[in-house]
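Accompanying notes for the structure given below.
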Amino acid sequence: MNIVIFGAPGSGKGTQSERIIERYGLHHISTGEVLRDHIARGTHLGQVANTFISQGMLIPDELMLDVLADIFRQNPEYAKEGVIFDGFPRTIAQAEALSKLLAAYNTDVHAVVGLDVDEDELVRRMLERGKSSGRSDDNIDTIKKRLDVYHRQTSPLRDYYNKKGNFHAINGNGTLDRIFNDIAVVLDEQKNK
Ligand code: AP5
Ligand code: MG
């Protein structure tokens, strides 16, 4: 089972991914975490990525796709065992590349879980986290840019996956438990197909 967890910055993708991994035993690929790890280690990719991340902009598709392809080369069992993609894809080009990449392993994206959260709640969560996260993008100016980028570049993926018939919208406001229960209904149904 390959799942995409989809949503605006601060919508709870990382938080819910942890629970999904625990229950469904999927591998977690968070492109944001991969990039932050490169930044922390001071790699060349990290330096390039940081210039985009701190501005709230997306890393160019080509660079991001190289990073993803690398993860699959190093972990060829992932596609067969199942992955939760967190923060990827973020553009139509990335979604198409992901399908192609998974097709090489005779698989595809099975379900996309979209977390819908009110905009003022997104801002509140990220500002709260910014007090201790050390993330260069958790400040009000960059948060506004990230939300703008999400609306312009990433939200069109809702329609893209809706047309494929595998987009499942979840109300991402409220308690962690309730949100997870709603996600689990979708994933259980998928698992039993
Ligand atoms: P990325 O790391 O993916 O960040 P993001 O999408 O902006 O989202 P966040 O990680 O901030 O939020 P989240 O949805 O994971 O929510 P979380 O669970 O943390 O990307 C960062 C940057 O990297 C991008 O801007 C871009 O530059 C680059 N990048 C990454 N992937 C890329 C790609 N594919 N292509 C190009 N560039 C890419 O929750 C947020 C906070 O709220 C937490 O503090 C949490 O504890 C809290 N919280 C969660 N759920 C609840 C709840 N139900 N109630 C109250 N609080 C909650
Ligand atoms: Mg995250």
Side-chain angles (χ1 to χ4, degrees), residues 3-22 28-40 45-72 83-98 101 109 112-157 160 170-183:
I3 306 299
V4 171
I5 188 153
F6 181 84
S11 57
K13 301 184 295 294
T15 306
Q16 294 296 336
S17 288
E18 282 176 27
R19 295 193 165 201
I20 294 169
I21 292 155
E22 210 176 292
H28 186 206
I29 298 181
S30 159
T31 43
E33 272 172 29
V34 170
L35 296 171
R36 280 187 291 279
D37 179 56
H38 275 274
I39 293 172
L45 170 64
Q47 285 166 18
V48 174
N50 196 34
T51 60
F52 291 96
I53 291 179
S54 59
Q55 294 300 311
M57 289 160 64
L58 298 184
I59 270 70
D61 284 337
E62 262 176 49
L63 195 55
M64 202 65 251
L65 291 168
D66 279 350
V67 173
L68 194 80
D70 235 33
I71 294 173
F72 277 96
V83 175
I84 175 137
F85 294 93
D86 160 3
F88 187 95
R90 267 175 140 97
T91 61
I92 303 279
Q94 289 183 11
E96 285 171 349
L98 178 60
L101 188 103
V109 170
V112 180
V113 173
L115 300 173
D116 290 329
V117 177
D118 299 339
E119 197 119 331
D120 50 352
E121 170 68 2
L122 294 171
V123 175
R124 191 195 66 74
R125 288 183 190 176
M126 286 185 275
L127 285 178
E128 183 60 32
R129 183 180 56 192
K131 291 177 186 167
S132 59
S133 68
R135 275 177 61 162
S136 63
D137 57 353
D138 276 346
N139 59 79
I140 190 65
D141 289 343
T142 312
I143 287 169
K144 282 184 182 155
K145 286 188 200 151
R146 286 159 70 194
L147 290 171
D148 183 51
V149 163
Y150 169 76
H151 290 303
R152 281 188 295 113
Q153 295 184 264
T154 304
S155 66
L157 284 174
Y160 175 88
I170 303 276
N171 179 0
N173 299 287
T175 67
L176 299 184
D177 284 346
R178 206 232 70 243
I179 298 163
F180 180 66
N181 286 341
D182 288 359
I183 294 173

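Just so you know, ligand 1 is whichever comes first in the structure, and atom 1 is the first atom listed for that ligand. Sequence positions, counted from 1, serve as the residue numbers for this chain.
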Atom 40 (C) of ligand 1 sits nearest the protein heavy atom R129 NH1, 3.6 Å
key: CD (Q47) with more than 12 external heavy atoms under 6.0 Å   = yes
| message | Between E22 and R19, does the salt bridge (Lys or Arg N to Asp or Glu O under 4.0 Å) criterion hold? Intermediate values first, please. | response | CA-CA 5 Å; E22 210 176 292; R19 295 193 165 201; over 6 Å; no
Checking L98, T31, I5 against F85 for side-chain contact (heavy atoms from CB on, under 4.5 Å), the one that qualifies is L98
Are V4 and K13 packed together at the side-chain level, in the sense that at least one heavy-atom pair is separated by less than 4.5 angstrom? no
heavy-atom search around atom 35 (N) of ligand 1 in the protein gives Q94 NE2, 2.9 Å
Under 3.5 Å donor-acceptor, R125 side chain and P9 backbone: no
Pair R129 + D137: basic N to acidic O under 4.0 Å: no
for atom 50 (N) of ligand 1, nearest protein heavy atom and its distance come out as L176 CD2, 3.4 Å
Nearest non-hydrogen protein atom to atom 15 (O) of ligand 1, with distance, is G14 N, 2.9 Å
Contact region, I179 to ligand 1, non-hydrogen atoms below 4.0 Å, reads side chain
protein heavy-atom neighbour closest to atom 12 (O) of ligand 1 works out as G10 N, 2.9 Å
Heavy-atom closest pair (A49 atom, L35 atom, distance to 0.1 Å) is CB-CD2, 4.0 Å
In this structure, NE2 of H38 is separated from CG of N50 (nearest 0.5 Å) by 13.0 Å
*Considering distance alone, does some N or O of E33 sit under 3.5 Å from an N or O of ligand 1?*
no
With heavy atoms and a 4.0 Å threshold, my read on which part of L35 contacts ligand 1 is side chain
### A49 touching ligand 1 at heavy-atom level, < 4.0 angstrom
no
Counting both backbone and side chain atoms, is some N or O of G172 under 3.5 Å from an N or O of ligand 1? no
query = Charged N to carboxylate O under 4.0 angstrom, R124 versus D120?
reply = no
Does ligand 1 have any atom that is closer than 4.0 Å to a heavy atom of G7? no
- Task: May I ask whether P89 has any heavy atom positioned less than 4.0 angstrom from an atom of ligand 1?
- Result: no
For atom 13 (P) of ligand 1, the closest protein heavy atom turns out to be K13 N, 3.5 Å
_Evaluate G174 for polar contact with ligand 1, using N/O atom pairs at a separation under 3.5 Å._
yes
Numbered in order shown, the ligand 1 atoms found under 4.0 Å of a heavy atom of A8 are 14 (O)
Can you confirm whether I53 sits close enough to I59 that some side-chain heavy atom of one is under 4.5 Å from a side-chain heavy atom of the other? yes
Checking heavy atoms under 4.0 Å, the part of M64 that sits near ligand 1 is side chain
CD1 of I179 to CG of N173, rounded to nearest 0.5 Å, is 7.0 Å
Heavy-atom proximity to atom 17 (P) of ligand 1, picking from T31, T15, I53, I143, points to T15
closest protein heavy atom to atom 52 (C) of ligand 1 is R125 NH2, 3.3 Å
Q. Is G56 near ligand 1, meaning one of its heavy atoms is under 4.0 Å from it?
A. no
Residues pairing under salt bridge (charged side-chain N to carboxylate O under 4.0 Å, His left out) where one sits in residues 52-69, two or more places apart or in two chains, turn out to be none
All heavy atoms of Y160 vs all of A95, minimum pair found to be CE2-CB, 3.6 Å
closest protein heavy atom to atom 5 (P) of ligand 1 is R90 NH2, 3.4 Å
Judged by heavy atoms only, the candidate from R135, E121, M57, R36 nearest atom 27 (O) of ligand 1 is M57
